[in-house]
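The next block holds one structure in the form of structure tokens; read it before the comments.
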Amino acid sequence: MDRKKRLNPESRRAYLEGLRKYREKGVPILIDGKEADESQWDKIFEIREDGSFYMGDYVLEEVMDCQEQKAVNRADQEFIGEPSAGYGKRKRLKEIRFDLVYYR
């Protein structure tokens with residue numbers, strides 16, 4: 001099967017370096033639903049003969065910072081009413097997924 005590469009070599013190198021930094025911070029990199037090692041990452045740049053290619057999805061999760069956690073702990077004891085509008089709204093990157101998609 002003929003596969004072309006998207007992006008020039010320098011752009012690919014820079015993108016892969018960014019993925020390495022995220023992985024070093026504990027963010028899993030998944031390809032086709034499985035955690036992928038670095039040797040598999042290059043295929044995310046391929047455009048296949050049938051027109052399929054990998055699309056990235058950056059999955060976020062809500063987290064609380066230390067001050068919010070302290071407020072929650074105090075609220076358990078003395079809070080009456082609804083939490084503020086900004087409560088629990090901070091997000092962080094949970095994982096990066098690449099899945100094969102087809103353009104039709």
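Side chains included, hydrogens not; waters and symmetry mates left out as well; all remaining heavy atoms used. Starting from 1, each residue takes its place in the sequence as its number.
Between D42 and K5 there is a salt bridge, since at least one side-chain N of the basic residue sits less than 4.0 Å from a carboxylate O of the acidic one. Electrostatic pairing of E10 and R13 counts as a salt bridge here, judged by a charged N lying under 4.0 Å from a carboxylate O. In this structure, E62 does not pair ionically with R92, as no charged nitrogen and carboxylate oxygen lie closer than 4.0 Å. Between E46 and K43, no side-chain nitrogen of the basic residue sits less than 4.0 Å from a carboxylate oxygen of the acidic one, so the salt-bridge criterion is not met.
Every side chain to side chain contact (heavy atoms under 4.5 Å, CB included) that L60 has, sequence neighbours left out, goes to K91, L93.
Taking hydrophobic clusters as Ile, Leu, Val, Met, Phe, Trp and Tyr residues chained together by side-chain heavy-atom distances below 4.5 Å, Y58 shares a cluster with Y54. Residues I31 and L19 are members of one and the same hydrophobic cluster, defined by side-chain heavy-atom contacts under 4.5 angstrom among Ile, Leu, Val, Met, Phe, Trp and Tyr.
The CG atom of L100 sits 6.0 Å away from the CG atom of D32 when rounded to the nearest 0.5 Å. Here I29 contributes atom CD1 and E38 contributes atom CD; the two are 9.5 Å apart, rounded to the nearest 0.5 Å. From E95, atom CD reaches atom CZ of R23 across 15.5 Å, with rounding to the nearest 0.5 Å.
For the pair R12 (side chain) and L7 (backbone), a donor-acceptor distance under 3.5 Å is present. When atom types are taken as modelled, the side chain of W41 and the backbone of L16 share no donor-acceptor pair closer than 3.5 angstrom.
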> After noting the C-alpha distance and the side-chain angles of E17 and R20, does the key distance pass the salt bridge (charged side-chain N to carboxylate O under 4.0 Å, His left out) rule?
Replying inline: CA-CA 5 Å; E17 183 59 34; R20 277 185 207 95; 3.1 Å; yes

> Should R97 and V59 be marked as a side chain to side chain contact (heavy atoms under 4.5 Å, CB included) after you check the CA-CA gap, both sets of side-chain angles, and the distance that decides it?
Replying inline: CA-CA 8 Å; R97 300 177 187 164; V59 181; 3.6 Å; yes

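Considering all non-hydrogen atoms of both residues, D50 and S52 come closest at OD1-OG, 2.7 Å. For P28 against K94, the heavy-atom pair with the smallest separation is CD-O, 3.2 Å.
Side-chain contact check for Y22 versus I96: some heavy-atom pair is nearer than 4.5 Å. Looking only at side-chain heavy atoms (C-beta outward), I44 and F53 stay at 4.5 Å or farther from each other.
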